[in-house]
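Written out below as structure tokens is the structure these notes cover.
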Amino acid sequence: MTDPTIEPPRADVYDPTAVERKWQARWAERGTNHTDLAGGERPFYALMMFPYPSAEGLHVGNLFAFTGNDIYGRFQRLQGHTVFEPLGYDAFGIHSENYALKIGEHPAELTPKNIANFQRQLTRAGLMVDWRYAVNTSSPDYYKWTQWVFLQLLERGLAYKKKAAVNWCPFDKTVLANEQVEGGVCERCGTPVEQRFLEQWFFRISDYAGRLLENLDWLDWSDTTKTAQRNWIGRSEGAEVRFLVPTQGEVEDDEVDENAVLMEAREIRVFTTRVDTIFGATYLVLAPEHPLVDAVTTPAQRAEVEAYRERTAKQDVVSRKVTKEKTGVFTGAYAQNPATNTLIPIWIADYVLMEYGTGAIMAVPGHDERDHEFARKFELPIVRVVASAGEDADTPIPDEGAHVHDVDGRLVNSGQFDGLTVEEGKRAIVAWLAGHEAGRAVINYRLHDWCISRQRYWGPPIPVIYCDACGMQQVPEKDLPVVLPFIKDFKPDDSGVSPLARHEEWYVVPCPECGKPARRETDVSDTFLDSAWYFLRYPSAQRADVPFDAALTARWLPVDSYIGGNEHAVLHLLYSRFITMVLKDAGKVDFEEPFTKFRAHGLIIREGAKMSKSKGNVINPDAYINDWGADAFRTYLMFLGPYEQGGDFQDKGIVGPKRFLENLWRSATSAHTDGAPDGAVMRKLHQTIRKVGDDVPRLSYNTAIAAMMEYMKALRANDRTPHRDEVEPLVQLVSPFAPHIAEELWERLGHDESVFDAGWPAFDPELAAEDTIALAVQVNGKMRGTVTVPRTVDQAGALAAATADPAIAKFITGVPKKVIFVPGRLINIVV
RNA sequence: GCGAACGUGGUGGAACUGGUAGACACGCGAGACUUAGGAUCUCGUGCCGCAAGGCGUCCGGGUUCGAGUCCCGGCGUUCGCACCA
């Protein structure tokens, strides 16, 4: 021990504080948790989602997540892998900035303090983290490369700028990604979100939708997470259909000539998944923001259309919700239905969204609830084109609820396609439309491009310069990082631009091309970009010259195991996959999926209720570690429920695991070496080794702990003093869960090396096998008792044993009709 | 509305591909030891019943020698998404 202030632990009582201090110091001194990244055998990258270092300190949820990963990582190490278990801080972003604003501190000053506090708490938790490779996304060493990632996308045409209707939070005074809007309100502050039109940077993630979806088929991820991603990507098969629009003047308002020859017509493209219903398309609807609205609107309708557009443009997202009655206005224009050749009116309505499909739909009020509601309100024609059993072409469409679920029906009123099923109709009509270039089969995705710019301060400046003479220039790589300046007035305002735009001394720079004064981009990038590549940085965190070293990356990536919360099931995980794919395409890495295996852990609630500051029921890990020790706390967190489901933190529950560790201490410190270990106990030991070894890789930590507790009972039954050979392997089994006490006891048992370098105890199937078993006996499927028989008993032997037992025999009336025998499990006698 | 997960003692939860329901733990009860303890240890603890036994995994059907597990129909809880054409 190098630190004389640390009292050595006493032998007679288990003193977690002393034990944990001693081993945390010794691990640091010996480099026990250091990973040999260049040379270690069988590399295993055990990644956990890094935390945002809040001022409140570590949350139990963080510890639950990290402990689960730590156990997995330590177990892999015990299996002979060189395990890399890094951790860092997601320190940029709105969370940090908002909190700094709230308490009137500067994020650049607050963040290091928060990180120091996290570091202290995480060290106490006994994680096997190699802190030499910690990253901090708000450090220029890191965000230099975040900016580099941005440039990779820009160079490949995957980053672009456009003026877009964006979600604007009037409270946070910033643009939000669609994903940060929950039910029309800002996910941070709950303020209803408004629409604004701003120039924004986007990443073309939608170009990757197909690949992002397809790879899910082979990734070893939690099913819930995969499903969430699939839904988010939202693939739908359908058709794009062209509707021709006579140019103005060809068709006057009140004299629709259904036989008008359409020359030089404009066209409106619509997306539909139900092209089979095209004969029932009685009008078109454009999103109010649709670029063709101006072009098609007739002079007579212009004022009304303009008014409607203005109204919806100002509207926040909330009032464009389902519950609202349909609204819309007629443009005065008509389009030709390519199936019927009739002219149908073109409307605009806010129930059609510009972001999806083509921003325009063909409305089929006979077979779509929304179109039906709209058509009834505005008295547009409703035509039946699908008839289900008991209906025919003339059956009227009921007033309430159009037939959306008519997929079992057959086409009617559809010309030569009458009689086809819906599926046949889709295929035939697409082919027919394609034949005269009026349509084609397409696949559409819900996934929108990723808006990555933020009009905020606490993030990496987007590395772009605007020059009046040369246009937009990217910051040359040699000039990275574009350092975020320290400014006092970092508060966002209502201007729609970043606080950095108030600092001319920062944003005016020479143009990298011509050298004349030019202007920096003043927006910063989304926090999700910081976290979309951090796993690539960890192994190379000590390299200042490259974002990630080729050899280290080849050796350590993709990540072998990633554990994190399901709240990041879509955003973070999807963005990370996307960035990795882009880097693959750019030739920077040789894999396109960053996380081979992902498991989502559950959430911890407390005494049946969600933890929240307002309820005052938030668990303070420091207090628990002080009172019970990190080992007991870790073990309890893993014991209170299935790891992938989470569980209920009951305040008194920790005493169980604590007693278990105390008993472990007593058993190990009192173990003797006289004679041979007990046969029955050794049998139980080997069963326990097998069970724990099976459970840990499945993250079934709660049952692994239960098995060890059971073994502890056997070990201490009737106040016996255990033999050393009975206890020593248990110390190894416990070590991933309670690493400090395991090290201490391992040392006391006479070992010099760390228990984590001692390997995993061997499991011997011979030793684990029982000679006799309790065979279940059923009569007519009802449990009537058990009989003790040899493990290898056959049906005849089992039947004999069962009938010999009077308590069972009395239920066997007459000759058995049938006997079902499951070797080693049960016998069922049917009479 | 759509999608996903789930429903087991007083509580958290066990139960591998249908095969001894309630492991393990908390709590509770009784006892031991203590000046005392909300400490520690031992035993008990699904429900009804003195017992034999019966009943039990949200409810109702079904398949099976056998169902917590599989199928059908309800009810309920939680979490996502939400006018996505």
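In what follows, every chain begins at residue 1, and chains take the letters A, B, ... in the order their sequences are listed.
U35(B) and A51(B) have their C1' atoms separated by 45 Å, with the value rounded to a whole Å. Of the P atoms belonging to G22(B) and G68(B), the separation is 12 Å, rounded to the nearest Å. Nucleotides C71(B) and G18(B) place their P atoms 11 Å apart, quoted to the nearest Å. The gap from the C1' atom of C24(B) to that of U45(B) amounts to 15 Å, rounded to the nearest Å. Between the C1' atoms of C59(B) and U40(B), the separation comes to 46 Å (whole Å). The same atom, P, is picked in G3(B) and in G10(B); the two are 35 Å apart, to the nearest Å. Comparing the C1' positions of A14(B) and G9(B) gives a spacing of 13 Å, expressed to the nearest Å. Using atom P as the reference point in both C6(B) and G13(B), the two lie 13 Å apart (nearest Å).
The base-pairing partner of A82(B), taking Watson-Crick or G-U wobble contacts with both distances under 3.5 Å, does not exist among the strands shown. When both distances must be under 3.5 Å, the Watson-Crick or G-U wobble mate of A32(B) is U40(B). Taking a pair to require two hydrogen-bonding distances under 3.5 Å in either a Watson-Crick or a G-U wobble arrangement, U45(B) pairs with G27(B). Using N1 to N3 plus N6-O4 or O6-N4 for Watson-Crick, or N1-O2 and O6-N3 for G-U wobble, each under 3.5 Å, C65(B) pairs with G19(B).
The six-membered or imidazole ring of W450(A) lies away from that of F202(A), with a centre-to-centre distance of 6.0 Å or more. For F374(A) and Y351(A), the ring centers are positioned less than 6.0 Å apart.
If you take CD1 of I605(A) and P of C79(B), they are 10 Å apart, rounded to a whole angstrom. Nucleotide A14(B) holds its P atom 15 Å from the OH atom of Y701(A), rounded to whole Å. Rounded to an integer number of Å, the gap from M638(A) CE to G13(B) C1' is 15 Å.
Under a 3.5 Å cut-off, the side chain of N566(A) and the backbone N or O of A600(A) do not form any donor-acceptor pair. Using modelled atom types, one side-chain atom of Y283(A) and one backbone atom of D371(A) make a donor-acceptor pair closer than 3.5 Å.
Taking only side-chain atoms of R784(A), from C-beta outward, the nucleotide of A15(B), G54(B), A25(B) with the closest atom is G54(B). For T703(A), the side-chain atoms get nearest to A14(B) when compared with the rest of A14(B), A85(B), C24(B).
A707(A) comes within 4.0 angstrom of nothing in the nucleic acid, heavy atoms only. Using a 4.0 Å heavy-atom cutoff across all strands shown, K817(A) reaches no nucleic acid atom at all. Using a 4.0 Å heavy-atom cutoff across all strands shown, T272(A) reaches sugar-phosphate atoms only and no base atom. Across all strands shown, V285(A) has no heavy atoms under 4.0 Å from either base or sugar-phosphate atoms. Using a 4.0 Å heavy-atom distance criterion, P642(A) is classed as a sugar-phosphate-only contact. The residue F821(A) sits apart from the nucleic acid: no heavy atom pair falls under 4.0 Å. K610(A) comes within 4.0 angstrom of sugar-phosphate atoms only, judged by non-hydrogen atoms across all strands, and of no base.
In this model, the phosphate group of C81(B) is not approached by any side-chain N or O of R446(A) to a distance below 4.0 Å at OP1 or OP2. Applying the 4.0 Å criterion to OP1 and OP2 of U40(B), one finds that R659(A) has a side-chain N or O inside that range. The side chain of K810(A) places an N or O atom within less than 4.0 Å of a non-bridging phosphate oxygen (OP1 or OP2) of G53(B). Within the 4.0 Å cut-off from OP1 or OP2 of A25(B), not a single side-chain nitrogen or oxygen of N702(A) is found.
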Identify each atom pair where a protein N or O and an N or O of nucleotides 63-66 of chain B are less than 3.5 Å apart, giving names and distance.
| unit_1 | atom_1 | unit_2 | atom_2 | d |
| --- | --- | --- | --- | --- |
| C65(B) | O2' | N828(A) | ND2 | 3.3 |
| C65(B) | O2 | N828(A) | ND2 | 2.4 |

Subject >> Intermediate values then yes/no, side-chain hydrogen bond (donor to acceptor under 3.5 Å, both in side chains), Y308(A) and T331(A) >> reply: CA-CA 11 Å; Y308(A) 184 77; T331(A) 62; over 6 Å; no
**OP:** Walk me through it: do L699(A) and Y701(A) pass the test side chain to side chain contact (heavy atoms under 4.5 Å, CB included)?
**Re:** CA-CA 5 Å; L699(A) 309 184; Y701(A) 298 143; 3.2 Å; yes
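Few gaps surround CD1 on I773(A); more than 12 heavy atoms of other groups in view lie less than 6.0 Å from it.
More than 90° away from 0 lies the glycosidic angle of G56(B), which makes this nucleotide anti.
Every residue meeting the salt bridge (charged side-chain N to carboxylate O under 4.0 Å, His left out) condition with E710(A), not counting sequence neighbours, appears here in chain and number order: K684(A). Under the rule for a ring-ring contact (aromatic ring centres under 6.0 Å, His included), the partners of F64(A) that lie at least two apart in sequence or sit in another chain are H601(A), Y643(A). Residues meeting the salt bridge (charged side-chain N to carboxylate O under 4.0 Å, His left out) test with E662(A), sequence neighbours left out: K658(A). Applying the ring-ring contact (aromatic ring centres under 6.0 Å, His included) test to F633(A) and every residue at least two apart in sequence or in another chain returns Y624(A).
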**OP:** Using a 4.0 Å heavy-atom cut-off, write out nucleotides 3-12 of chain B from 5' to 3' as B (base contacted by protein), S (sugar-phosphate only) or - (no contact).
**Re:** SS------SB
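The 5' end of RNA chain B is approached more closely, in terms of each residue's nearest nucleotide, by A706(A) than by the other of A360(A) and A706(A). A residue-by-residue look at L826(A) and S236(A) shows that L826(A) has its nearest nucleotide of RNA chain B further toward the 5' end.
By the 6.0 Å and 45° rule, R690(A) does not stack over the aromatic ring of F763(A).
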